[in-house]
2 protein chains.
Amino acid sequence: MGKTLRDSSKDAAAAATLRLRHAGLRPTRQRVELASLLFKNCDRHVTAESLHDEVTDAGLKVSLATVYNTLHQFTEAGLLRQVIVDSARSYFDTNTGDHQHFFLESEGMLIDIPGESIAVAGVPAPPPGLSVDRVDVVIRVKRA
Amino acid sequence: MGKTLRDSSKDAAAAATLRLRHAGLRPTRQRVELASLLFKNCDRHVTAESLHDEVTDAGLKVSLATVYNTLHQFTEAGLLRQVIVDSARSYFDTNTGDHQHFFLESEGMLIDIPGESIAVAGVPAPPPGLSVDRVDVVIRVKRA
DNA sequence: AACGGGATTAGAACTATTCTAAACTGTGAG
DNA sequence: CTCACAGTTTAGAATAGTTCTAATCCCGTT
Ligand SMILES: [Mn+2]
Ligand SMILES: [Mn+2]
Ligand SMILES: [Zn+2]
Ligand SMILES: [Zn+2]
């Protein structure tokens with residue numbers, strides 16, 4: 001009962017469609033294709049440009065503007081989260097759970113650190129009138 | 001023996017000149033003016049644009065390109081450090097010591113947290129071939 | 001005072017991202 | 001099944017922050 005390539009592509013598309021409906025997003029061709037790539041396998045960290053390259057290399061045609069729109073809509077819908085580690089590029093993360101990152105700047109690579117393994121202690125109370133929205137830890141690493 | 005305004009401006013300029021010489025940077029008019037603003041009082045977090053506005057509002061004339069050049073040269077020389085909290089703007093910090101930040105995104109405001117007060121525990125060893133360069137903690141805060 | 005190399009500058013260029021407004025398409029009503 | 005329409009996509013223009021270029025300037029030395 002091996003599934004053919006076309007079968008598993010259809011499965012991914014069906015799963016993506018469900019996920020989109022669930023998030024209240026109309027499952028258009030472009031959104032289904034992008035969601036299939038993003039959520040098919042393991043957790044991923046993408047850039048608008050990198051995802052656009054990937055979808056293009058897969059022989060699919062989605063405009064860069066749509067990739068940007070989609071990444072933001074997915075983020076808004078809680079399907080992605082944005083990771084800020086570079087003042088010139090935006091990264092999006094398919095892992096929306098509690099976790100932190102290693103960042104290898106020279107290659108623009110992010111590596112997950114499970115949220116349970118890391119702990120930030122001694123955070124002072126924020127100044128009056130402000131409340132903590134979230135705590136980000138970025139461990140910048142270098143080669144060798 | 002109160003000093004006049006002109007006197008203290010001269011003092012600041014003299015101090016800035018010394019600091020620049022010490023860092024191996026030629027004390028030009030522009031660098032002295034920018035260093036005077038940056039290091040006169042308490043610790044500060046600036047943007048190229050905000051510093052340019054400030055120096056302009058003080059009636060001095062420094063091009064935006066020079067502000068960018070100077071911020072990078074100062075950073076290179078260890079007089080400033082860069083803080084990455086926004087994927088669209090670069091912040092520079094006059095506090096080069098060990099510390100972390102609250103970030104109020106809606107106003108682009110950074111607030112220091114002393115390094116001693118905060119502790120990050122449970123950081124896993126970086127993947128083989130990589131070594132930790134530095135650990136950044138950003139506590140994103142919201143109004144109310 | 002003159003020189004030489006670093007520094008400054010205006011403006012062009014560049015890059016990531018967002019905007020615009022026209023064409024397209026998923027969906028639900030009929 | 002078809003139609004209509006709101007939501008979506010798109011190419012290309014626009015924007016914003018930053019960097020680059022190459023001509024001019026000026027600090028420090030002689
Ligand atoms: Mn102003
Ligand atoms: Mn930018
Ligand atoms: Zn992640
Ligand atoms: Zn600081």
Side-chain angles (χ1 to χ4, degrees), chain A residues 13-14 16-37 45-56 60-77 79-80 82-92 105 108 110, chain B residues 13-14 16-37 45-56 60-77 79-80 82-92 105 108 110:
Chain A
T17 300
L18 262 192
R19 192 190 291 256
L20 290 171
R21 286 228 147 82
H22 221 257
L25 293 168
R26 193 193 281 188
T28 64
R29 171 181 66 80
Q30 292 87 338
R31 298 214 272 226
V32 170
E33 289 172 358
L34 292 171
S36 294
L37 288 174
H45 303 96
V46 302
T47 259
E49 202 71 47
S50 81
L51 183 58
H52 184 250
D53 283 358
E54 189 176 340
V55 75
T56 299
L60 308 170
K61 186 159 160 283
V62 180
S63 76
L64 183 58
T66 295
V67 173
Y68 274 103
N69 291 339
T70 301
L71 287 172
H72 285 131
Q73 289 152 356
F74 284 12
T75 300
E76 189 82 12
L79 267 37
L80 294 177
Q82 207 167 346
V83 181
I84 298 178
V85 287
D86 185 314
S87 55
R89 221 176 311 283
S90 279
Y91 289 84
F92 294 84
E105 179 167 32
L110 283 162
Chain B
T17 300
L18 261 192
R19 194 190 291 256
L20 290 171
R21 286 227 147 82
H22 223 255
L25 293 167
R26 192 195 283 187
T28 64
R29 171 180 67 81
Q30 292 84 341
R31 298 214 271 226
V32 170
E33 289 172 357
L34 292 171
S36 294
L37 287 174
H45 303 95
V46 303
T47 259
E49 203 71 46
S50 79
L51 183 58
H52 184 249
D53 282 358
E54 190 177 339
V55 76
T56 299
L60 307 170
K61 185 158 163 284
V62 180
S63 76
L64 183 58
T66 295
V67 173
Y68 274 103
N69 290 339
T70 301
L71 287 172
H72 285 129
Q73 290 152 357
F74 284 12
T75 300
E76 189 82 15
L79 268 35
L80 293 176
Q82 207 167 347
V83 181
I84 298 178
V85 287
D86 184 314
S87 54
R89 221 178 309 282
S90 279
Y91 288 84
F92 293 84
E105 180 167 32
L110 284 163

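Note that the structure is predicted; figures quoted are calculated from it, not measured. Naming: A, B, ... by sequence-line order, numbering from 1 per chain.
Toward the 5' end of DNA chain D, the nearer of the two residues B:Pro27 and A:Leu64, judged by each one's closest nucleotide, is A:Leu64. DNA chain C is contacted by both A:Gln30 and B:Asn69; B:Asn69 maps to the nucleotide lying nearer its 5′ end (nearest heavy atom per residue).
When distances are taken from the side chain of B:Arg29 to each of C:dT9, C:dC19, C:dG6, the shortest belongs to C:dT9. The side chain of B:Thr70 approaches C:dT8 more closely than any other nucleotide in the set D:dT18, C:dT8, C:dT17. In this structure, the nucleotide among C:dT8, D:dT18, D:dT10 sitting nearest to the side chain of B:Gln73 is C:dT8. Looking at the side chain of B:Ala48, the nearest of the listed nucleotides D:dT18, C:dT17, D:dT10 is D:dT18.
The CG atom of B:Leu25 sits 10 Å away from the P atom of C:dT8 (whole-angstrom rounding). For A:Glu49 and C:dT18, the CD to P distance is 13 Å, given to the nearest whole Å. Per the geometry, CD1 belonging to B:Ile84 stands 11 Å off P belonging to D:dT18, to the nearest Å. A straight line from NE2 of A:His52 to C1' of C:dT15 spans 16 Å, rounded to a whole angstrom. Computed from coordinates, the B:Glu76 CD to C:dG6 C1' distance equals 16 Å when rounded to whole Å. In this structure, the CG atom of A:Leu20 is 14 Å from the C1' atom of D:dG7, given to the nearest Å. The distance from atom CG of B:Leu34 to atom P of C:dT8 is 9 Å, rounded to the nearest whole Å. Across the protein-nucleic acid pair, A:Leu71 atom CG and C:dA16 atom P stand 15 Å apart, rounded to whole Å.
The residue B:Thr28 sits close only to the backbone: its heavy atoms come under 4.0 Å of sugar-phosphate atoms, none of a base. Within the nucleic acid shown, A:Ser90 comes within 4.0 Å of sugar-phosphate atoms alone, with no base atom in reach, counting heavy atoms only.
Distances shown here put every side-chain N or O of B:Thr66 at or beyond 4.0 Å from the OP1 or OP2 atom of C:dA7. Residue B:Lys61 places at least one side-chain N or O under 4.0 Å from the OP1 or OP2 atom of C:dA10. Distances shorter than 4.0 Å separate none of the side-chain N or O atoms of B:Arg26 from OP1 or OP2 on C:dG4. An OP1 or OP2 oxygen of D:dT8 is reached within less than 4.0 angstrom by a side-chain nitrogen or oxygen of A:Arg31. At C:dT27, one or more side-chain N or O atoms of A:Arg21 fall inside 4.0 Å of OP1 or OP2 (strictly under the cut-off). The shortest distance between the side-chain N/O atoms of B:Arg89 and the OP1/OP2 oxygens of D:dG17 is below 4.0 Å. Contact annotation: B:Ser63 side-chain N/O to C:dT9 OP1/OP2 distance is under 4.0 Å. For the pair A:His72 and C:dT17, the criterion of a side-chain N or O lying under 4.0 Å from OP1 or OP2 is not met. At least one side-chain nitrogen or oxygen of A:Tyr68 sits closer than 4.0 Å to the OP1 or OP2 atom of C:dT17.
Residues B:Arg89 and B:Glu49 form no side-chain contact, since every pair of their non-hydrogen atoms from C-beta on lies 4.5 Å or further apart. Put simply, the side chain of B:Glu33 reaches to within 4.5 Å of the side chain of B:Val62, judged on heavy atoms. Contact check for A:Tyr68 versus A:His52: no side-chain heavy atoms found under the 4.5 Å cut-off.
The number of heavy-atom neighbours closer than 6.0 Å to CD of A:Glu76, taken from other residues, nucleotides and ligands shown, is 12 or below.
The backbone N or O of A:Val46 lies less than 3.5 Å from no partner atom in the side chain of A:Ser50, so there is not a single donor-acceptor pair. Using modelled atom types, one side-chain atom of B:Arg31 and one backbone atom of B:Arg26 make a donor-acceptor pair closer than 3.5 Å.
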